[in-house]
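Indexing begins at 1, ligand by ligand and atom by atom, following the structure's order.
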Amino acid sequence: MKTVKIAPSILSADFSKMGEEVASLEKCGADLVHCDVMDGVFVNNITFGIKMVEDIRKRTSLPLDCHLMIVNPEKYVERFAKAGADIITVHYEACKENLKEVLLQIKETGVKCGAVINPDTPVEKIKEVIPLCDMVLIMSVFPGFGGQKFISSALDKVREVRMIVETLGKEIDVEIDGGVSLENVEEVKAAGANVIVAGSAVFKAEDRAKTIAALKA
Ligand code: DX5
Ligand code: ZN
């Protein structure tokens, strides 16, 4: 079993003190910082963009895991890479037949790349590009908001991707995002996810360090 990494989503942070929030995550044992970029078009919500990533970069040495929930991500990947992203993930639903091209474009910037699928998109749609990915992200909620209920059919997709990755024999992370908490994290890990995004579970916790440790254990 691969080591499990916890990627708290700053979507649930207090945006008015993001620097402190990110520093706190690092102190509390987070492995990555999950940055949810939303444009109000691909999803029904607007969060932040390149400037936020650039400023967060100065506040932490943790890898920045940038989840782009935007249309035409190819227009912006270079700038997110320059801003300090360590990994950029893009949605199949936003790229469709250009997904491979966009992944290669991300790689060219020197940043790790990943493909994301929504709860109603089958793994089949990204199967061909998995060998190109450093990470595959399975959404366990429809993107847009934190604090939603975990959609358990995502577990089968995690198992399916884990099997493909094992067959390939490559170092590809399997990430899950949405509604993960201490109640379901065991199942999620057992299915084969090794990068766990947790927004509300970490930010609403009384003790962030304990919660991150418990999610990882
Ligand atoms: C959803 C985002 C997730 C989400 C996770 O659109 O991509 O990263 O904020 O938050 P929780 O863990 O609260 O579901
Ligand atoms: Zn996310």
Need the ligand 1 atom indices (1-based, order shown) with element for anything under 4.0 Å from a heavy-atom of Met69.
6 (O), 7 (O)

Note: Ser200, heavy atoms under 4.0 Å from ligand 1, region reported as both

Phe142 versus ligand 1: do any nitrogen or oxygen atoms come within less than 3.5 Å of each other?
no

Val197 heavy atoms within 4.0 Å reach ligand 1 at atoms 8 (O)

Does Ala201 reach ligand 1, in the sense of a heavy atom lying below 4.0 Å from it?
no

Can you tell me how far the CG atom of Leu32 sits from the OG1 atom of Thr60, to the nearest 0.5 Å?
10.0 Å

among protein heavy atoms, the one nearest atom 14 (O) of ligand 1 is Gly179 N, 2.8 Å

Decide whether an N or O pair under 3.5 Å exists between Gly147 and ligand 1.
yes

Say whether Asp36 and His34, considering side chains only, have a donor N or O and an acceptor N or O under 3.5 Å apart.
yes

Within this structure, what is the CG-CG distance for the pair Leu137 and Asp65, rounded to the nearest 0.5 Å?
7.5 Å

Side-chain contact test, heavy atoms from C-beta onward, threshold under 4.5 Å: evaluate it for Asp173 versus Lys2 and give yes or no.
yes

Is it true that Phe42 and Val141 fall in one hydrophobic cluster, defined by side-chain heavy atoms closer than 4.5 Å?
no

With sequence neighbours left out, the residues meeting side chain to side chain contact (heavy atoms under 4.5 Å, CB included) with Ile70 are Val37, Asp39, Leu68, Pro73, Tyr76

For Glu175, run the side chain to side chain contact (heavy atoms under 4.5 Å, CB included) check against Val116, Ile87, Val195, Val161 and tell me which one passes.
Val195

Tell me, please: is Phe145 in heavy-atom contact with ligand 1, that is, under 4.0 Å?
yes

Calculate, to the nearest 0.5 Å, the distance between atoms CE and CD1 belonging to Met135 and Ile88 respectively.
11.0 Å

Check: Gly144 N/O within less than 3.5 Å of ligand 1 N/O
yes

Atom 12 (O) of ligand 1: nearest protein contact (heavy atom, Å)
Gly199 N, 2.8 Å

Subset of ligand 1 atoms that lie under 4.0 Å from at least one heavy atom of Ser9
8 (O), 9 (O)

Quick note on ligand 1: atoms under 4.0 Å from a heavy atom of Ala198 include exactly 12 (O)

With respect to Ser12, determine whether any N or O atom, backbone or side chain, lies less than 3.5 Å from an N or O atom of ligand 1.
no

From Met38 CE over to Leu11 CG, what is the distance, rounded to the nearest 0.5 angstrom?
4.5 Å

Hey, which of Arg59, Arg208, Lys27 is the one that makes salt bridge (charged side-chain N to carboxylate O under 4.0 Å, His left out) with Glu21?
Arg208

Numbered atoms and elements of ligand 1 in range of Pro143, under 4.0 angstrom, heavy atoms
6 (O)

The reported gap from CG in Leu155 to CD1 in Ile138 (rounded to nearest 0.5 angstrom) is 10.5 Å

Just to confirm my output: which protein heavy-atom neighbour is closest to atom 9 (O) of ligand 1, and how far is it?
Leu11 CD2, 2.9 Å

Atoms named by residue and atom, protein N, O or S, within reach of the Zn ion (ligand 2) (under 2.8 Å):
His34 NE2, Asp36 OD1, His67 ND1, Asp177 OD2

What atoms in ligand 1 come closer than 4.0 Å to a heavy atom of His67?
7 (O)

Which atoms from ligand 1 have a heavy atom of Met38 less than 4.0 Å away?
6 (O)

For Val197, the other hydrophobic cluster members (4.5 Å side-chain criterion, sorted by chain and number) are none

Are Tyr92 and Val129 packed together at the side-chain level, in the sense that at least one heavy-atom pair is separated by less than 4.5 angstrom?
no

Is there a polar contact between ligand 1 and Asp36, counting only N or O atoms under 3.5 Å apart?
yes

Indicate the atoms forming the closest heavy-atom contact of Glu128 with Pro131, along with that distance.
O-CD, 3.4 Å

Measure the CG-CD1 distance between Leu132 and Ile172 for me, rounded to the nearest 0.5 Å.
8.5 Å

Option of least heavy-atom distance to atom 5 (C) of ligand 1 (set: Asp177, Ile196, Ile176):
Asp177

Could you tell me, atom by atom, which parts of ligand 1 come under 4.0 Å of a heavy atom of His34?
8 (O)

Applying side chain to side chain contact (heavy atoms under 4.5 Å, CB included), can you list everything that pairs with Asn72, at least two apart in sequence or on another chain?
Glu74, Lys75

